[in-house]
Trainee: 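Sending over a structure as structure tokens; questions will come in a sec.
Letters A, B, ... mirror the listed sequences (proteins, then strands); counts begin at 1.
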Number of protein chains: 2
Amino acid sequence: MECKPNFEIDRKKEMMAVHDAMDVLNGKWKIYIISSVCHYNRRRFSDILNDVPGISNKMLSKELKELEINKLIERTVLDTHPVTVHYELTKHGRTLQTIIHNLTDWGLEHRKEITGRS
Amino acid sequence: MECKPNFEIDRKKEMMAVHDAMDVLNGKWKIYIISSVCHYNRRRFSDILNDVPGISNKMLSKELKELEINKLIERTVLDTHPVTVHYELTKHGRTLQTIIHNLTDWGLEHRKEITGRS
DNA sequence: CTGTATCCCATTTGATACTG
DNA sequence: CAGTATCAAATGGGATACAG
């Protein structure tokens with residue numbers, strides 16, 4: 001088994017990469033926020049607040065900041081009175097669509113599996 | 001836009017499915033545990049403890065139970081002294097490989113994006 | 001409208017010790 | 001080896017009030 005050493009290194013790298021990805025999607029709300037913004041292309045703070053059932057303004061604010069730091073969404077302040085703020089996915093953020101789609105498919109299959117082929 | 005209503009229903013369903021999936025992968029350790037078990041096909045408690053850096057036996061025990069409840073892993077007790085316990089992925093658990101692979105790829109790209117094309 | 005600041009509770013996680 | 005028990009600490013998250 002001369003492939004074993006590389007095998008191990010690859011596994012470390014894989015774990016790190018998965019960790020990076022999960023870190024970004026972590027928390028109770030991020031995927032829903034992304035889903036909301038992605039779905040409408042461009043969305044305001046209070047719109048997202050309505051889109052995501054149960055989220056508080058505090059949490060939304062916090063999560064949006066983290067998503068911005070991770071360059072997944074872009075925040076645009078419009079000079080209106082009172083101010084309007086748009087959020088939209090960056091190009092990088094849109095690359096998450098594949099993952100969200102996979103998670104959706106898997107989630108549907110999983111529910112079947114757990115509930116016994118409902 | 002006569003497609004709007006279905007659009008909305010689909011979004012709810014999608015959110016629910018993604019939620020189901022994230023629920024299962026939730027917590028700090030599950031994906032690493034899955035990754036470990038998957039990688040070696042069959043793995044013992046203490047092996048996983050070593051594979052996943054930083055995890056405590058309490059957490060490992062708890063996470064393994066949840067994974068078992070969700071039918072992602074199977075626990076086998078061998079009648080040795082002292083007892084040996086094997087964990088392996090179920091067929092359903094193995095379907096997570098696609099997602100883990102996607103997360104890995106995305107994580108690598110994300111790191112490039114954040115660190116500025118390292 | 002778009003947030004920020006507090007306060008406070010619940011859940012999660014870690015450290016350590018112990019059991020069959 | 002494969003866990004459990006217990007206590008303590010950290011974190012997450014809701015409610016409410018307030019600010020630009």
Trainee: For B:Asp20, check side chain to side chain contact (heavy atoms under 4.5 Å, CB included) against everything at least two apart and list the hits.
Mentor: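 Partners of B:Asp20 by the side chain to side chain contact (heavy atoms under 4.5 Å, CB included) criterion, ordered by chain and then number, come out as A:Arg111.
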Trainee: In sequence, state the C-alpha distance, the side-chain angles, and the governing distance for A:Asp51 and A:Arg43, and then conclude on side-chain contact (heavy atoms from CB on, under 4.5 Å).
Mentor: CA-CA 10 Å; A:Asp51 290 341; A:Arg43 207 77 176 136; 2.8 Å; yes
Trainee: Side chains of residues 95-104 of chain B: which donor-acceptor partners sit under 3.5 Å, not counting sequence neighbours?
Mentor:
unit_1   : atom_1 : unit_2   : atom_2 : d
B:Thr95  : OG1    : A:Trp106 : NE1    : 2.8
B:Thr95  : OG1    : B:His92  : O      : 2.5
B:Thr104 : OG1    : B:Ile100 : O      : 2.7

Trainee: Just how far, in rounded Å, is P of D:dG12 from CG of A:Leu60?
Mentor: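 A:Leu60 atom CG is separated from D:dG12 atom P by 17 Å.
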Trainee: Specify the separation, in whole Å, of atom OH of A:Tyr32 and atom P of D:dG13.
Mentor: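 Distance check: A:Tyr32 OH to D:dG13 P gives 12 Å.
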Trainee: Closer to the 5' end of DNA chain C via nearest nucleotide, is it A:Arg75 or A:Lys58?
Mentor: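 This one resolves to A:Arg75.
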Trainee: Is a side-chain N or O of B:Arg44 found less than 3.5 angstrom from the main chain of B:Thr84, in a donor-acceptor match?
Mentor: no
Trainee: How close do B:Thr76 and B:Glu88 get, heavy atom to heavy atom, and via which atoms?
Mentor: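 Scanning both residues, the minimum pair turns out to be OG1-OE2, 4.1 Å.
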Trainee: Starting from C1' on C:dT2, measure out to CG on A:Asp79 and report it in whole angstrom.
Mentor: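 Interatomic distance, CG of A:Asp79 to C1' of C:dT2: 14 Å.
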Trainee: Can you identify which nucleotide, out of D:dG13, C:dG3, D:dA2, has its nearest atom closest to the A:Ser61 side chain?
Mentor: C:dG3
Trainee: Answer yes or no: is there an ion pair linking B:Lys65 with B:Glu68, defined by an N-O contact shorter than 4.0 Å?
Mentor: no
Trainee: Distance-only criterion, 3.5 Å: show the donor-acceptor pairs between side-chain atoms of residues 25-35 of chain B and protein atoms not counting sequence neighbours.
Mentor:
unit_1  : atom_1 : unit_2  : atom_2 : d
B:Lys30 : NZ     : B:Asn26 : O      : 3.0
B:Lys30 : NZ     : B:Glu63 : OE1    : 3.1
B:Lys30 : NZ     : B:Glu66 : OE1    : 2.8

Trainee: So do A:Leu67 and A:Tyr87 actually touch side chain to side chain, heavy atoms under 4.5 Å?
Mentor: no
Trainee: Nearest whole angstrom, please: distance from the P of C:dG3 to the CD1 of A:Ile33.
Mentor: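 Spelled out: CD1 on A:Ile33 to P on C:dG3 is 12 Å.
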Trainee: Base, sugar-phosphate, or nothing for B:Ser56, non-hydrogen atoms under 4.0 angstrom?
Mentor: nothing
Trainee: Under 3.5 Å, which N/O atoms of the protein pair with N/O atoms of nucleotides 17-20 of chain D?
Mentor:
none

Trainee: Take atom CG of B:Leu64 and atom P of D:dA2, then tell me their distance rounded to the nearest Å.
Mentor: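 Answer to the nearest Å: 11 Å.
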Trainee: If we ignore hydrogens and angles and just use 3.5 Å, is the side chain of B:Ser36 paired with the main-chain N or O of B:Ile48 as donor and acceptor?
Mentor: no
Trainee: Could you check B:Val24 against A:His110 for side-chain contact (heavy atoms from CB on, under 4.5 Å), going step by step and ending with a plain yes or no?
Mentor: CA-CA 9 Å; B:Val24 167; A:His110 178 62; 3.2 Å; yes
Trainee: Taking atom P of D:dC1 as reference, at what distance in whole Å does atom NE2 of B:His86 sit?
Mentor: 13 Å
Trainee: Taking only the side-chain nitrogens and oxygens of A:Tyr87, find out if one of them lies under 4.0 Å from OP1 or OP2 of C:dC1.
Mentor: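 The answer is no; no side-chain N or O of A:Tyr87 sits under 4.0 Å from OP1 or OP2.
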Trainee: Within residues 21-29 of chain A, which residues have any heavy atom lying less than 4.0 Å from an atom of DNA chain C?
Mentor: none
Trainee: What's the CE-P distance between A:Met59 and C:dT4, to the nearest Å?
Mentor: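 Atom CE in A:Met59 sits about 12 Å away from atom P in C:dT4.
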Trainee: Could you measure the distance from the CG atom of B:Asn57 to the CG atom of B:Leu64? Nearest 0.5 Å is fine.
Mentor: 11.0 Å
Trainee: Using whole Å, what does the distance between atom P of nucleotide D:dT4 and atom CD of B:Glu63 come to?
Mentor: 13 Å
Trainee: Could you identify which residues of residues 42-55 of chain A place a heavy atom less than 4.0 Å from some atom of DNA chain C, listed by residue number, or say none?
Mentor: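 Under 4.0 Å from DNA chain C: A:Arg44, A:Phe45, A:Ser46.
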Trainee: At under 4.0 Å, does any side-chain N or O of B:Lys62 touch on OP1 or OP2 of D:dA2?
Mentor: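 Answer no for this pair, as no side-chain N or O of B:Lys62 is under 4.0 Å from OP1 or OP2.
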Trainee: Check the pair B:Val18, B:Glu14 against side-chain contact (heavy atoms from CB on, under 4.5 Å), reporting the backbone distance first and the verdict last.
Mentor: CA-CA 6 Å; B:Val18 176; B:Glu14 179 187 307; 4.2 Å; yes
